[in-house]
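Quick caveat: nothing in here was measured; it's all calculated off a predicted structure. By convention here, the first residue in the shown sequence is residue 1.
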Amino acid sequence: MTATTRPAVPALAPPATAPAAHRARRAARRRRLTACGVLMTPFFVLLLTVFLIPVGTAVYLSFYSDDQPGLGFGPERTVFVGLRSYAAVLTDPTFLGGLGTVALYCLIYIPLMVAGALALALLLDSGAARLRAFAQLGLFLPHAVPGIIAALIWLYLYTPGISPVIDLFARADITVDFLGVHTVLPSIVNIALWSNLGYNMVVFYAALQAVPREVIEASVVDGAGPVRTALQVKTPLVRASIVMVAIFTLIWALQLFTEPMLLSQSSPMISSRFSPSMYIYDAAFNRTNYSLAAAASVVLLACTVALSYGVTRFTGRADAAEEAR
């Protein structure tokens with residue numbers, strides 16, 4: 001009886017070793033991190049040079065002040081004053097009044113800006129709009145004008161004796177004082193709206209172009225009219241853009257400076273400390289109190305960060321509540 005022989009099984013090629021595969025993954029990961037580092041370096045350089053270093057310098061200056069001992073006749077020296085500058089800022093009625101003025105300005109300006117820009121964008125996105133490219137250009141052009149030039153243009157239109165607008169009202173026996181005690185803030189709001197409405201309109205219009213057309217067509221098929229489609233279909237789909245524009249507008253509004261600074265040349269209603277930014281400018285360059293100016297800058301920064309964070313959290317909770325329904 002002969003023994004049966006089994007056929008020889010060919011030897012399999014040895015698999016790639018684990019260390020080699022691990023080295024390949026590490027090399028690929030290193031290349032990705034290097035590419036990310038190269039692309040992010042300009043951002044971090046700008047963040048460091050235009051934000052972190054100035055903020056750190058302001059915080060440092062706020063804790064120190066120049067002092068002259070000996071009834072002001074001794075040599076000037078820099079001394080540590082702790083929170084004295086912050087206490088002076090937070091108890092100064094002119095600074096607190098400037099915060100109140102800016103708060104009122106935000107309550108008037110931000111809703112008008114967001115609602116007006118969104119309304120114009122919805123109008124351009126609708127089928128009723130004609131010559132959209134020319135309309136966008138015409139609305140955006142005021143934003144291309146530098147802020148100081150825009151303020152000078154409106155200063156000319158607001159100043160009695162040289163303003164053709166005031167002369168036109170005078171011919172109709174209507175007396176208008178655009179720089180009066182009750183009208184100076186709305187006049188500043190008007191300048192800001194004229195300068196920035198077109199820019200935010202373009203932001204909203206670009207967001208509306210990304211809305212799926214089939215969603216709009218479905219709403220029309222369901223019987224929704226143009227107004228209902230705009231308010232109940234398009235507007236909720238661009239909520240992220242609305243929040244972004246509101247936050248950026250809030251940050252810009254808290255730094256109100258150019259318009260009241262120029263209008264103060266023709267209106268006694270605008271003092272040198274009309275807004276927090278003007279208070280900082282006056283403390284630094286008119287009173288040469290850099291410690292006070294730095295402390296006011298840090299307080300204004302803290303208010304800006306807190307309000308921006310509050311708006312973000314509020315909208316985030318609203319979105320989460322709506323998704324949970």
Side-chain angles (χ1 to χ4, degrees), residues 32 35-36 39-40 42-43 47 105-145 147 150 189-255 304-325:
R32 289 195 299 269
C36 291
L39 294 175
M40 293 296 294
F43 165 76
L47 178 67
Y105 172 79
C106 291
L107 290 176
I108 300 174
Y109 171 65
I110 295 177
L112 290 176
M113 171 59 70
V114 176
L118 182 60
L120 289 174
L122 289 170
L123 180 61
L124 290 178
D125 190 63
S126 67
R130 296 292 184 270
L131 301 175
R132 297 181 187 178
F134 293 100
Q136 290 181 58
L137 179 62
L139 291 170
F140 183 79
L141 275 179
H143 182 74
V145 178
V189 171
N190 176 66
I191 299 175
L193 286 173
W194 183 82
S195 300
N196 301 304
L197 192 65
Y199 174 81
N200 292 317
M201 178 273 301
V202 171
V203 174
F204 286 141
Y205 183 74
L208 289 171
Q209 294 301 296
V211 174
R213 296 294 104 179
E214 55 268 19
V215 176
I216 300 175
E217 293 172 0
S219 66
V220 174
V221 172
D222 290 340
V227 176
R228 185 177 178 185
T229 300
L231 297 180
Q232 298 185 3
V233 178
K234 295 181 179 180
T235 300
L237 293 176
V238 296
R239 180 177 299 174
S241 298
I242 295 175
V243 174
M244 180 193 70
V245 168
I247 292 176
F248 286 170
T249 304
L250 172 65
I251 294 173
W252 183 89
L254 291 174
Q255 303 173 25
T304 303
V305 172
L307 290 174
S308 301
Y309 177 76
V311 172
T312 304
R313 286 296 301 272
F314 175 77
T315 55
R317 289 180 179 179
D319 293 340
E322 184 174 348
E323 292 177 359
R325 294 177 182 177

message: Would you say CZ of Phe140 has more than 12 non-hydrogen atoms from neighbouring residues, nucleotides or ligands within 6.0 angstrom?
response: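 More than 12 within 6.0 Å, yes.
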I need the [X] [atom1] to [Y] [atom2] distance, nearest 0.5 Å.
X      : Y      : atom1 : atom2 : value
Gln255 : Leu250 : CD    : CG    : 10.0 Å
Leu141 : Ser195 : CG    : OG    : 12.0 Å
Leu307 : Ile251 : CG    : CD1   : 9.5 Å
Ile110 : Phe248 : CD1   : CZ    : 13.0 Å
Ile247 : Thr304 : CD1   : OG1   : 12.5 Å

Any sub-3.5 Å donor-acceptor pair from [X]'s side-chain atoms to [Y]'s backbone N or O?
X      : Y      : result
Ser219 : Ile216 : yes
Asn196 : Ala192 : yes
Thr235 : Gln232 : no

How about [X] and [Y]: do any of their side-chain heavy atoms sit closer than 4.5 Å?
X      : Y      : value
Leu124 : Met201 : yes
Leu122 : Leu208 : yes
Leu254 : Cys106 : yes
Val114 : Asn200 : no

query: How are the rings of Trp252 and Tyr109 set relative to one another: parallel (under 30°), tilted (30 to 60°) or perpendicular (over 60°)?
result: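 Plane angle between 30° and 60°, so tilted.
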Specify the closest pair of heavy atoms between [X] and [Y], including all atoms of both residues, with the distance to one decimal.
X      : Y      : result
Ala121 : Phe204 : CB-CB, 3.5 Å
Ile108 : Leu112 : O-CG, 3.2 Å
Gly138 : Pro142 : O-CD, 3.4 Å
Trp194 : Val145 : CH2-CG2, 4.4 Å

